[in-house]
Amino acid sequence: MAELNLTLAGLFQQAFGIGRGKPYDPGQAKQPAIRKDSGYDNLPPADDAEGTEFVQVRESLNARLPDGRSIFMPMQLGGVLLPNEPSISIASRKNIIQTGLAGSTRRGMVKELISIEDWSVTIRGLAINFDSKLVYPEDQVKALRDLYEKNEALDVKCALTNLLGIYRLVILDFQLPEMIGYQHVQAYQFTCVSDEDFLLEL
């Protein structure tokens, strides 16, 4: 198992073509910052850092790798804890109309904010059978497929998404990239958009 855990970053690189950092080490979080001259030196220290919403959500999931190591950013989607700390990428954009002014001595354009789009959330992860290198992680892949086939917004519980006010996601796209040479690993990717309630006034 230890050998496999050391290759999680390599498996992620092979599946998605992007790197991953080292697994979360809770001891590192308590070390002093590398830079002492940051612009935050004059801010008062947080009295209750362990009580922030970010930490509370993360610790409420209490997710760990099979070897017992804590997962820094676990994600629960539709009641299913996604395996092996998926990578989460979040983006949004504004719809802005830009209008040029003819004959104006002013440089630039007039900007009119129309709306802010939904959050786009990409979830990339690895389903791994830690018990055997010869057995495909069938149960994990079926659970992921079942999530995709739900035609509804799914509750999401993750420290980062909840921090941004994202509490429900709709899965738009589900991919299972090939994993040549690995029988016990299946990469997966969800492309999602945020969902929230609207109040219509008649």
Side-chain angles (χ1 to χ4, degrees), residues 4-5 7-24 53-54 57-58 60-66 70-97 113-130 136-198:
L4 180 60
N5 284 338
T7 65
L8 284 177
L11 291 170
F12 203 87
Q13 174 74 35
Q14 178 180 334
F16 301 108
I18 53 178
R20 285 289 306 253
K22 294 180 181 178
Y24 171 59
E53 180 184 9
F54 185 92
V57 170
R58 190 183 76 215
S60 70
L61 293 173
N62 193 26
R64 298 185 177 277
L65 292 173
S70 297
I71 293 178
F72 176 70
M73 190 75 66
M75 174 179 263
Q76 188 179 73
L77 183 61
V80 175
L81 186 64
L82 299 181
N84 303 315
E85 187 172 7
S87 169
I88 305 162
S89 176
I90 303 175
S92 183
R93 59 175 292 138
K94 295 180 179 179
N95 292 317
I96 298 176
I97 292 181
L113 175 64
I114 301 301
S115 64
I116 298 177
E117 293 185 2
D118 292 327
W119 291 98
S120 173
V121 180
T122 302
I123 304 165
R124 297 182 181 100
L126 300 168
I128 302 174
N129 183 345
F130 283 98
Y136 187 77
E138 185 175 336
D139 292 342
Q140 295 177 53
V141 173
K142 283 182 177 178
L144 296 171
R145 179 207 60 196
D146 291 346
L147 283 177
Y148 173 67
E149 290 182 348
K150 291 183 179 179
N151 293 323
E152 59 188 29
L154 304 174
D155 291 334
V156 61
K157 191 172 183 182
C158 172
L160 182 57
T161 55
N162 293 173
L163 183 68
L164 296 173
I166 304 168
Y167 296 97
R168 290 191 316 209
L169 291 174
V170 175
I171 301 175
L172 301 177
D173 182 67
F174 177 39
Q175 297 180 39
L176 296 171
E178 62 182 7
M179 293 298 296
I180 296 173
Y182 296 95
Q183 298 180 47
H184 64 300
V185 180
Q186 177 60 65
Y188 66 90
Q189 176 174 306
F190 287 132
T191 304
C192 311
V193 291
S194 61
D195 182 56
E196 57 185 75
D197 293 326
F198 289 92

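Source: prediction; values computed, not measured. FYI, side chains are in, hydrogens and waters are out, and symmetry mates aren't considered; it's all heavy atoms of this structure.
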request  = Take Asp118 and Ser92, measure what side-chain contact (heavy atoms from CB on, under 4.5 Å) needs, and give me the verdict at the end.
outcome  = CA-CA 6 Å; Asp118 292 327; Ser92 183; over 6 Å; no
Can you tell me how far apart [atom1] ([X]) and [atom2] ([Y]) are? Round to the nearest 0.5 Å.
| X | Y | atom1 | atom2 | answer |
| --- | --- | --- | --- | --- |
| Tyr167 | Glu196 | OH | CD | 11.5 Å |
| Gln189 | Ser89 | CD | OG | 9.5 Å |
| Cys192 | Leu77 | SG | CG | 6.0 Å |
| Leu81 | Arg64 | CG | CZ | 12.5 Å |
| His184 | Glu138 | NE2 | CD | 16.0 Å |

key: salt bridge (Lys or Arg N to Asp or Glu O under 4.0 Å) partners for Glu117, two or more places apart   = none
Answer whether the closest heavy-atom distance between the side chains of [X] and [Y] falls below 4.5 Å.
| X | Y | value |
| --- | --- | --- |
| Ser120 | Ile90 | no |
| Glu85 | Phe72 | yes |
| Val141 | Leu176 | yes |
| Phe190 | Leu169 | no |
| Tyr182 | Leu11 | yes |
| Gln186 | Pro137 | yes |
| Val121 | Val156 | no |
| Pro83 | Ile128 | no |

From CA spacing to verdict: side-chain contact (heavy atoms from CB on, under 4.5 Å), Leu154, Leu147 = CA-CA 8 Å; Leu154 304 174; Leu147 283 177; 4.1 Å; yes
inquiry  = Tell me if the CD1 atom of Ile180 is crowded by more than 12 foreign heavy atoms within 6.0 Å.
reply    = no
Measure across [X] and [Y] and return the closest heavy-atom pair with its distance rounded to 0.1 Å.
| X | Y | value |
| --- | --- | --- |
| Tyr188 | Pro86 | OH-CB, 3.8 Å |
| Val57 | Ala159 | CG1-N, 3.5 Å |
| Pro74 | Cys158 | O-SG, 3.7 Å |

task = Could you verify whether a donor N or O on one side chain and an acceptor N or O on the other, from Arg124 and Ser87, lie under 3.5 Å apart?
result = no
Donor-acceptor pair, side chain of Asn84 and main chain of Leu126, under 3.5 angstrom = yes
remark   = Test side chain to side chain contact (heavy atoms under 4.5 Å, CB included), reference Leu61, set Lys157, Met75, Met73, output is Lys157
request  = Could you give me the CA-CA distance, side-chain angles and deciding distance for Ile166 and Asp195, then say whether side-chain contact (heavy atoms from CB on, under 4.5 Å) is met?
outcome  = CA-CA 8 Å; Ile166 304 168; Asp195 182 56; over 6 Å; no
side-chain contact (heavy atoms from CB on, under 4.5 Å) assessment of Val170 paired with Arg168 = CA-CA 7 Å; Val170 175; Arg168 290 191 316 209; over 6 Å; no
ask   = Quick one: side chain to side chain donor-acceptor pair (under 3.5 Å) pairs with a partner in residues 144-155, sequence neighbours left out?
value = none
